[in-house]
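FYI, the numbering just counts along the sequence from 1. Keep in mind that what you see is a predicted model, and the values were worked out from it rather than measured.
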Amino acid sequence: MMNAKLIDGSLVSSIVRNEVREDVNSWTAAGNRPPFLEVIQVGADPASTVYIGAKTRACHDVGIQTHTTHLQDTISAKELKALIRGMNENPEIDGILVQLPLPAHLSALDVIESIDYRKDVDGFHPMNVGRLAIDQPTFRSCTPAGIFELLRYYSLPVKGKHAVVVGASNIVGSPTAIMFSRENSTGKATTTICHKYTKDLTAYTITADILVVAAGSPELIRGEMVKEGVVIIDVGMTRVADETSEKGYKLVGDVHFESVEKKASWITPVPGGVGPMTVAMLMKNTLLAAKKSIYPEE
Ligand code: NAD
């Protein structure tokens, strides 16, 4: 019977942010202008507004300049892409981020593909995902990069372990699984990816040394589905109504914390686990974009 130690995303994210702040300071002290992040919000989805608020505050905190363009949810794909093209060509803008989800009439992939991949600080452009898949330097999408930063900070070994990723979305599950599975850079783990078509999920989760859950299904993973000593990364964040909270809701993870923490060696809480890391890694990517570290200018 184990009692899991907590993986503290608030702590690690503040360490990453401090590092970025110091790097931004030396970058500007060397005579460069501060990095600049342009955020695009289409419509007024309340969760998106909260996320953009967190990103804006983080930018101010580390010395990155930022601006949010607010657009009506009726904007056409053509108009939106024309606007993005203008930002691609603007040398004062280092990073461009389109806050997802987009309204139903817009294709996220189509819009993301119109961003210059050298400014794609979310790491969602097929060029960056493709480079991740072939183990080349790239903008790594922020949530998976944050997961690896947590594992690195706590010196939790990945090489040769069995990593099981539950969830296969383009923004979390798939890039996380790619990162675990690559042989040369981050991962070196034997990797299993599960999704909604997986039959008998427990058959896989029970064999995981590292279990990442990004399904968006509250408390999907319970104690009986994992083995003793597993490291658990809970990416899930579902808003569940809660009258006792000021906001009227609480965030619930994909892992049933009480039953799993008795068996796990390490576990991320929700909130305060993966969540804060995503924004910290966005700051890191924006600085990399400003410094042209991934794609040097010819
Ligand atoms: P998504 O809905 O795009 O994808 C969910 C994936 O999980 C799909 O591949 C689906 O097949 C799989 N899945 C769903 N139910 C399953 C089940 N019962 N068994 C096995 N697989 C199942 O979601 P997403 O955008 O990847 O986000 C997943 C969760 O992570 C959400 O709760 C989201 O809010 C959260 N999230 C958190 C952060 C963060 O902490 N920074 C960032 C992004 C997403």
Side-chain angles (χ1 to χ4, degrees), residues 13 17 20-21 24 33-129 139 141-143 145-146 169-172 216 237-239 245-249 251 271 274-290:
S13 71
R17 275 156 71 153
V20 174
R21 191 184 308 108
V24 168
R33 63 161 175 77
F36 190 100
L37 173 68
E38 180 67 40
V39 179
I40 300 172
Q41 181 175 21
V42 185
D45 174 57
S48 291
T49 304
V50 171
Y51 293 140
I52 291 173
K55 290 169 190 179
T56 304
R57 280 194 302 280
C59 282
H60 294 158
D61 175 43
V62 301
I64 291 176
Q65 294 188 339
T66 186
H67 171 261
T68 302
T69 299
H70 296 275
L71 301 168
Q72 297 289 332
D73 59 7
T74 50
I75 192 167
S76 69
K78 201 173 165 195
E79 285 170 302
L80 177 55
K81 289 194 285 182
L83 196 85
I84 292 172
R85 270 196 297 279
M87 294 170 179
N88 287 343
E89 280 155 24
N90 183 345
E92 304 291 309
I93 295 177
D94 300 303
I96 303 171
L97 180 158
V98 176
Q99 185 66 44
L100 302 178
L102 289 171
H105 71 282
L106 296 169
S107 146
L109 180 61
D110 182 41
V111 172
I112 286 162
E113 271 192 297
S114 74
I115 300 173
D116 183 337
Y117 61 85
R118 290 165 297 192
K119 297 190 176 187
D120 167 43
V121 286
D122 252 342
F124 294 162
H125 191 288
M127 177 68 157
N128 287 314
V129 181
F139 290 114
S141 38
C142 301
T143 304
S169 73
N170 289 343
I171 62 166
V172 191
M237 276 195 318
T238 305
R239 285 182 177 202
S245 116
E246 221 174 82
K247 293 177 185 156
Y249 67 87
L251 289 177
V274 178
M277 293 305 297
T278 300
V279 178
M281 301 318 281
L282 174 68
M283 299 301 106
K284 215 166 173 170
N285 277 352
T286 305
L287 177 61
L288 289 175

S.K.: Knowing that exactly one of Asn285, Val121, Val172, Ile171 qualifies, which makes a side chain to side chain contact (heavy atoms under 4.5 Å, CB included) with Cys142?
M.R.: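 Only one of Asn285, Val121, Val172, Ile171 forms a side chain to side chain contact (heavy atoms under 4.5 Å, CB included) with Cys142, namely Asn285.
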S.K.: Quick check: closest heavy atoms across Gly43 and Asp73, and the distance to 0.1 Å?
M.R.: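 Taking Gly43 first and Asp73 second, the nearest heavy atoms are CA-CB, 3.7 Å.
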S.K.: Determine whether Ser13 and Val279 make a side-chain contact, defined as any pair of heavy atoms from C-beta on separated by less than 4.5 Å.
M.R.: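 Ser13 vs Val279: side chains apart.
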S.K.: Taking it one step at a time, do Leu100 and Phe124 satisfy side chain to side chain contact (heavy atoms under 4.5 Å, CB included)?
M.R.: CA-CA 11 Å; Leu100 302 178; Phe124 294 162; 4.0 Å; yes
S.K.: In chain order, what residues pass the side-chain hydrogen bond (donor to acceptor under 3.5 Å, both in side chains) check against Lys55, with sequence neighbours excluded?
M.R.: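 Testing Lys55 for side-chain hydrogen bond (donor to acceptor under 3.5 Å, both in side chains), a comparison that skips the adjacent residues, returns Gln99.
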S.K.: Test: side-chain hydrogen bond (donor to acceptor under 3.5 Å, both in side chains). Region: residues 34-44. Which pairs qualify, not counting sequence neighbours?
M.R.: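 Listed by first then second residue: Glu38-His67, Glu38-Thr69, Gln41-Thr49, Gln41-His70.
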S.K.: Quick one: side-chain contact (heavy atoms from CB on, under 4.5 Å) partners of Val39, sequence neighbours excluded?
M.R.: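 Leu37, Ile52, Thr66, Thr68, Leu97.
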S.K.: Could you check whether any side-chain heavy atom of Pro271 comes within less than 4.5 Å of a side-chain heavy atom of Pro276, counting everything from C-beta outward?
M.R.: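 Sidechains of Pro276 and Pro271: no contact.
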S.K.: Side chains of Glu113 and Pro126, heavy atoms from C-beta outward: is any pair under 4.5 Å?
M.R.: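 Glu113 vs Pro126: side chains touch.
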S.K.: Please give me the minimum heavy-atom distance between Arg239 and Ala47, naming the atom from each residue.
M.R.: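 Looking at all heavy atoms of both residues, the shortest contact is NH2-CA, 3.6 Å.
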S.K.: Return the minimal non-hydrogen interatomic distance between Leu251 and Met237, and the atom names on each side.
M.R.: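 The answer is CD1-SD, 4.2 Å.
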S.K.: Among all residues two or more places apart in sequence or in another chain, which pass the salt bridge (charged side-chain N to carboxylate O under 4.0 Å, His left out) test with Asp116?
M.R.: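 Checked Asp116 against salt bridge (charged side-chain N to carboxylate O under 4.0 Å, His left out); matches are Arg118.
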S.K.: Any side-chain hydrogen bond (donor to acceptor under 3.5 Å, both in side chains) involving residues 100-110? Give me the pairs, sequence neighbours left out, ordered by first then second residue.
M.R.: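 Every pair satisfying side-chain hydrogen bond (donor to acceptor under 3.5 Å, both in side chains) with a residue in residues 100-110: Lys81-Asp110.
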S.K.: Give me the atom names and distance for the closest heavy-atom approach of Ile40 to Met87.
M.R.: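 Closest approach of Ile40 to Met87, heavy atoms only: CD1-SD, 3.7 Å.
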S.K.: Locate the shortest heavy-atom distance separating Pro35 from Val24; write the atom from each residue and the value.
M.R.: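 Reported closest heavy-atom pair: CD-CG1, 4.0 Å.
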S.K.: Looking at residues at least two apart in the chain, or sitting in another chain, which of them share a salt bridge (charged side-chain N to carboxylate O under 4.0 Å, His left out) with Arg33?
M.R.: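 Per chain and number, Arg33 pairs via salt bridge (charged side-chain N to carboxylate O under 4.0 Å, His left out) with Glu92, Asp94.
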S.K.: Does the side chain of Cys59 reach to within under 4.5 Å of the side chain of Gln65, using non-hydrogen atoms?
M.R.: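 They are not in side-chain contact.
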S.K.: Quick check: does any side chain N or O of Arg85 sit under 3.5 Å from a backbone N or O of Ser114, one acting as donor and the other as acceptor?
M.R.: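 Checking the backbone N and O of Ser114 against the side chain of Arg85, no donor-acceptor pair under 3.5 Å is found.
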S.K.: Give the C-alpha distance, both sets of side-chain angles, the deciding distance and a yes or no for side chain to side chain contact (heavy atoms under 4.5 Å, CB included) between Val111 and Val42.
M.R.: CA-CA 11 Å; Val111 172; Val42 185; over 6 Å; no
S.K.: Give me the atom names and distance for the closest heavy-atom approach of Gly63 to Pro34.
M.R.: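 Of all heavy-atom pairs spanning Gly63 and Pro34, the closest is O-CB, 3.7 Å.
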